[in-house]
Trainee: 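Attaching a single structure in structure tokens format; questions to follow.
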2 protein chains.
Amino acid sequence: MAVASAIAPSERAAMFGLLADPLRLRIVELLAGEELCTCHLIAETGAKQTTISHHLRILREAGAVTAAEDGRFTWYRLTPHLLDALAASLAELAEGAERAGRQRVPCAP
Amino acid sequence: MAVASAIAPSERAAMFGLLADPLRLRIVELLAGEELCTCHLIAETGAKQTTISHHLRILREAGAVTAAEDGRFTWYRLTPHLLDALAASLAELAEGAERAGRQRVPCAP
DNA sequence: AGCTGATATCAAGTCACGTTGATGTGATAG
DNA sequence: CTATCACATCAACGTGACTTGATATCAGCT
């Protein structure tokens with residue numbers, strides 16, 4: 001059975017939606033490789049603090065990142081689960097696209 | 001060198017955006033495996049003809065699908081290129097998330 | 001205690017996106 | 001030739017998303 005279909009289509013779409021925003025994608029990419037605190041993300045993206053905080057909240061609530069508070073700093077780390085699910089979903093689609101049959105199902109019954 | 005960074009972040013985000021809509025994702029999934037004409041997509045999604053046509057235009061202009069006109073029917077096929085690029089992009093991110101170091105870069109210089 | 005710096009939350013404004021009904025365009029059927 | 005069907009385009013509407021300035025919270029420093 002297809003692994004991707006374990007999740008509802010709308011939920012999968014929402015997961016892709018997490019990466020559909022340039023700034024959010026940038027944050028995820030920065031977080032892929034090392035743990036960073038908000039100030040780093042602000043510095044490297046040039047975005048306002050409140051904007052970064054907003055997107056981090058979205059990523060946090062979606063389970064894409066985890067936050068660890070340490071004093072006045074909050075360190076964010078990327079969780080692989082969600083990315084893995086998306087990767088599996090895409091792999092299925094790509095595979096399907098490759099072997100897409102050329103035969104056409106009749107149109108009007 | 002990272003394959004994903006060959007494309008601008010905003011463009012990559014736009015590619016993910018293609019799959020960020022439930023209906024569009026559904027269309028892509030239906031197209032993964034077999035060539036279909038618009039009427040099939042309308043029938044299987046239950047969406048209005050004009051809505052389907054709109055999303056097909058978006059997918060077409062993004063290069064995610066190709067259209068082949070045959071009489072009054074238009075057959076759509078999924079192209080692997082874009083999905084492959086996204087899969088590669090995700091693979092990088094997922095890998096980065098796995099090996100994300102625990103050491104924290106100093107915050108305030 | 002008082003101040004400052006790091007973040008999160010709130011409220012508001014703007015704008016892009018998806019949906020839809022009306023309409024146009026070819027192509028096939030009768 | 002005319003009617004019908006498949007599909008695309010257009011214009012308009014509504015909703016949701018991103019951004020941002022103001023504000024609240026909380027930790028560490030003096």
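Bear in mind the structure is a predicted one, so any value in this text is a computation, not a measurement. Just so we're on the same page: letters track the sequence lines, and every chain starts at 1.
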Trainee: Roughly how many Å is it from CG in A/Leu41 to P in C/dA6, rounded to a whole number?
Mentor: 14 Å
Trainee: Reading DNA chain D from 5' onward, which residue's closest nucleotide shows up sooner: B/Trp75 or A/Arg24?
Mentor: B/Trp75
Trainee: Is any side-chain nitrogen or oxygen of B/Thr38 closer than 4.0 Å to OP1 or OP2 of D/dC7?
Mentor: yes
Trainee: What donor-acceptor contacts under 3.5 angstrom involve side-chain atoms of residues 13-26 of chain A, with partners at least two apart or in another chain?
Mentor:
{"unit_1": "A/Asp21", "atom_1": "OD2", "unit_2": "A/Leu23", "atom_2": "N", "d": "3.2"}
{"unit_1": "A/Asp21", "atom_1": "OD2", "unit_2": "A/Arg24", "atom_2": "N", "d": "3.1"}
{"unit_1": "A/Arg24", "atom_1": "NE", "unit_2": "A/Leu18", "atom_2": "O", "d": "3.0"}
{"unit_1": "A/Arg24", "atom_1": "NH1", "unit_2": "A/His55", "atom_2": "ND1", "d": "3.3"}
{"unit_1": "A/Arg24", "atom_1": "NH2", "unit_2": "A/Gly17", "atom_2": "O", "d": "3.0"}
{"unit_1": "A/Arg26", "atom_1": "NH1", "unit_2": "A/Glu44", "atom_2": "O", "d": "3.4"}

Trainee: Hey, which of A/Thr79, A/Ile27, A/Leu78, A/Ile58 is the one that makes side-chain contact (heavy atoms from CB on, under 4.5 Å) with A/Val65?
Mentor: A/Leu78
Trainee: Go through the structure and list residues passing side-chain contact (heavy atoms from CB on, under 4.5 Å) with A/Ala87, not counting sequence neighbours.
Mentor: B/Leu90
Trainee: Heavy atoms under 4.0 Å, any strand shown: does A/Thr74 hit a base, just sugar-phosphate, or nothing?
Mentor: sugar-phosphate
Trainee: From C-beta outward on B/Ile58, which listed nucleotide comes closest to its side chain: D/dC18, C/dG18, D/dA8?
Mentor: C/dG18
Trainee: Write down the distance between CD1 (B/Ile42) and C1' (C/dT20), rounded to a whole number of angstrom.
Mentor: 13 Å
Trainee: Take atom CD of A/Glu61 and atom P of D/dA17, then tell me their distance rounded to the nearest Å.
Mentor: 12 Å
Trainee: Taking salt bridge (Lys or Arg N to Asp or Glu O under 4.0 Å) as the test, write out the residues that go with B/Glu11, two or more places apart.
Mentor: none
Trainee: For nucleotides 19-30 of chain D, give me one character per nucleotide, 5' to 3': B if any protein heavy atom sits under 4.0 Å from the base, S if the only such contacts are to the sugar-phosphate, - if neither.
Mentor: BBB-----SS--
Trainee: What pairs meet the salt bridge (Lys or Arg N to Asp or Glu O under 4.0 Å) rule with one or both residues in residues 48-66 of chain A, with sequence neighbours excluded?
Mentor: A/Arg57-A/Glu61
Trainee: Just how far, in rounded Å, is P of D/dC7 from CG of B/Leu36?
Mentor: 11 Å
Trainee: Looking at residues at least two apart in the chain, or sitting in another chain, which of them share a salt bridge (Lys or Arg N to Asp or Glu O under 4.0 Å) with A/Glu95?
Mentor: A/Arg99
Trainee: Rounded to whole angstroms, how far apart are CZ on B/Phe73 and P on D/dT4?
Mentor: 17 Å
Trainee: Starting at CD of B/Glu69 and ending at P of C/dA27, how long is that distance when rounded to a whole Å?
Mentor: 9 Å
